[in-house]
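Have a look at the structure below before the remarks.
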There are 2 protein chains.
Amino acid sequence: MNFEVYHNLVEALHKAGYRLTPQRLAICRYLASGREHPTPAAVYARVREQVPTISLATVYNTLALLRQLGLITEMGADASGVRYETDTHPHANLICLQCGRVVDAPLPDLAHVQAVLAAQNAFELRSLRLDAYGLCPDCRRTSMPLATETMSYA
Amino acid sequence: MNFEVYHNLVEALHKAGYRLTPQRLAICRYLASGREHPTPAAVYARVREQVPTISLATVYNTLALLRQLGLITEMGADASGVRYETDTHPHANLICLQCGRVVDAPLPDLAHVQAVLAAQNAFELRSLRLDAYGLCPDCRRTSMPLATETMSYA
DNA sequence: CTATAATTTTAGAATGATTCTAAATTCATA
DNA sequence: TATGAATTTAGAATCATTCTAAAATTATAG
Ligand SMILES: [Mn+2]
Ligand SMILES: [Mn+2]
Ligand SMILES: [Zn+2]
Ligand SMILES: [Zn+2]
């Protein structure tokens with residue numbers, strides 16, 4: 001677990017006046033435990049190992065709360081639902097069309113891209129999302145024909 | 001309506017051996033009619049004006065078919081469901097956090113970005129999606145506080 | 001022009017993620 | 001310890017999407 005990330009989450013909740021319940025702390029611990037891009041169902045499954053009585057509703061509530069506070073961001077939904085980002089810094093996501101894995105990738109000039117976009121359009125930009133679809137190393141090896149069904153984004 | 005786009009869609013369907021039914025043609029006509037990023041429900045609503053007996057299932061089926069053929073692409077789902085792209089060329093989408101409007105924006109160096117990503121990672125990239133969130137000109141004027149509820153992506 | 005079979009459409013049922021609800025629990029505070 | 005606000009919980013409700021099986025359409029062969 002990344003203690004710094006964990007501490008950020010907990011402190012932000014506390015500063016915003018929310019109670020640090022065992023359920024919320026367990027969810028934060030899980031979110032700070034890796035570079036995953038979990039669905040609510042995945043969070044529920046993993047956190048339940050630590051807090052067996054937690055409900056799915058609380059997972060949804062807490063994720064929504066953390067999002068309101070800007071501590072996590074929501075990705076678009078794939079076949080198994082929404083996914084959450086724990087890294088709020090601008091970066092690209094490499095998404096495997098075969099297995100659904102999401103890997104973070106740094107991309108130095110994202111701020112530059114946003115600046116160009118903002119300059120050329122009347123939009124007032126707040127954030128950027130860059131998703132790249134393809135085959136992860138593992139799935140590249142077991143190179144199946146890549147069913148056009150599998151994942152819908154192209 | 002953009003006849004060139006329409007013709008592309010129809011011809012691709014025909015070449016792939018699919019029947020050019022009134023329902024499919026009406027959907028293609030609608031898709032070629034503007035730069036929208038419609039949801040299946042929106043397609044259904046508009047096409048129904050021309051083909052009142054069409055079913056929602058047919059809309060879903062046809063959109064899935066056009067996607068399989070690579071003629072349209074699917075965007076992530078927002079509050080009202082998936083949206084479809086009729087422009088398959090690489091471009092950025094400017095998405096209004098207030099009203100949900102989606103506007104296409106050219107971005108010259110997208111190919112370059114993809115090349116950099118591919119070079120730095122073991123992923124075999126197929127496509128790129130660049131979504132920028134902010135306030136459209138209209139919503140900027142009527143500058144409400146931008147409810148954190150409204151749209152979830154940040 | 002029929003008959004037959006494949007394709008397509010359709011309405012409605014089923015599914016599954018997400019949200020809502022109302023009651024029970026926990027917690028801060030007096 | 002008593003009170004009230006915040007939180008959690010299980011289950012119901014919602015809503016987009018998918019599935020199903022029957023009806024309609026269309027291509028093709030005789
Ligand atoms: Mn990420
Ligand atoms: Mn677009
Ligand atoms: Zn993979
Ligand atoms: Zn707007």
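Taking every side-chain heavy atom of A:Asn61 into account, D:dT9 is the closest of C:dT10, C:dT18, D:dT9. Each of D:dT17, C:dT10, C:dC27 was ranked by its minimum atom distance to the side chain of A:Arg19; first place goes to C:dC27. Distances from the side chain of A:Pro40 to the nucleotides C:dC20, C:dT18, D:dT8 place C:dT18 closest. For B:Ser55, whose side chain is taken as the heavy atoms from C-beta onward, the closest listed nucleotide among D:dT7, C:dA11, C:dT18 is C:dA11. In the set C:dT18, C:dT10, D:dA16, C:dT18 carries the atom at the smallest distance from any side-chain atom of A:Tyr60. Comparing D:dT9, D:dA16, C:dT18 by their nearest atom to the side chain of A:Ala57 picks out D:dT9.
Separating the CG atom of B:Leu20 from the P atom of C:dT7 is a distance of 15 Å, rounded to the nearest angstrom. The nearest whole Å value for the distance from the CZ atom in B:Arg48 to the P atom in C:dT9 is 16 Å. Rounded to an integer number of Å, the gap from CG of A:Leu56 to P of C:dA17 is 10 Å. A straight line from CD1 of A:Ile54 to P of C:dT25 spans 17 Å, rounded to a whole angstrom. Nucleotide C:dT7 holds its P atom 10 Å from the OH atom of B:Tyr18, rounded to whole Å. Rounding to whole angstrom units, OH of residue A:Tyr44 and C1' of C:dG16 are separated by 15 Å. The separation between B:Leu25 atom CG and D:dT26 atom P is 11 Å, rounded to whole Å. Remark: P of C:dT18 and CG of B:Asp78 are 14 Å apart, rounded to the nearest angstrom.
Neither OP1 nor OP2 of C:dT7 sits under 4.0 Å from any side-chain N or O of B:Thr21. In this model, the phosphate group of D:dT9 is approached by a side-chain N or O of A:Thr53 to a distance below 4.0 Å at OP1 or OP2. The side chain of B:Arg24 places an N or O atom within less than 4.0 Å of a non-bridging phosphate oxygen (OP1 or OP2) of C:dT9. Contact annotation: A:Thr58 does not reach the phosphate of D:dT7 (side-chain N/O to OP1 or OP2, under 4.0 Å). A close approach under 4.0 Å does occur between a side-chain nitrogen or oxygen of B:Gln23 and OP1 or OP2 of C:dT10.
With hydrogens and angles ignored, the 3.5 Å screen pairs a side-chain donor or acceptor of A:His91 with a backbone N or O of A:His89.
A salt bridge links A:Arg129 with A:Asp131: the distance from a Lys NZ or Arg NE/NH1/NH2 to an Asp or Glu carboxylate oxygen falls below 4.0 Å.
If you check the side chains of A:Gln50 and A:Tyr30, you find no donor sitting under 3.5 Å from an acceptor. Looking only at atom types and distance, the side chain of A:Asn93 has a donor-acceptor partner in the side chain of A:Glu85 under 3.5 Å away.
Nearest heavy atoms, A:Glu36 versus A:Thr86: O-OG1, 4.1 Å.
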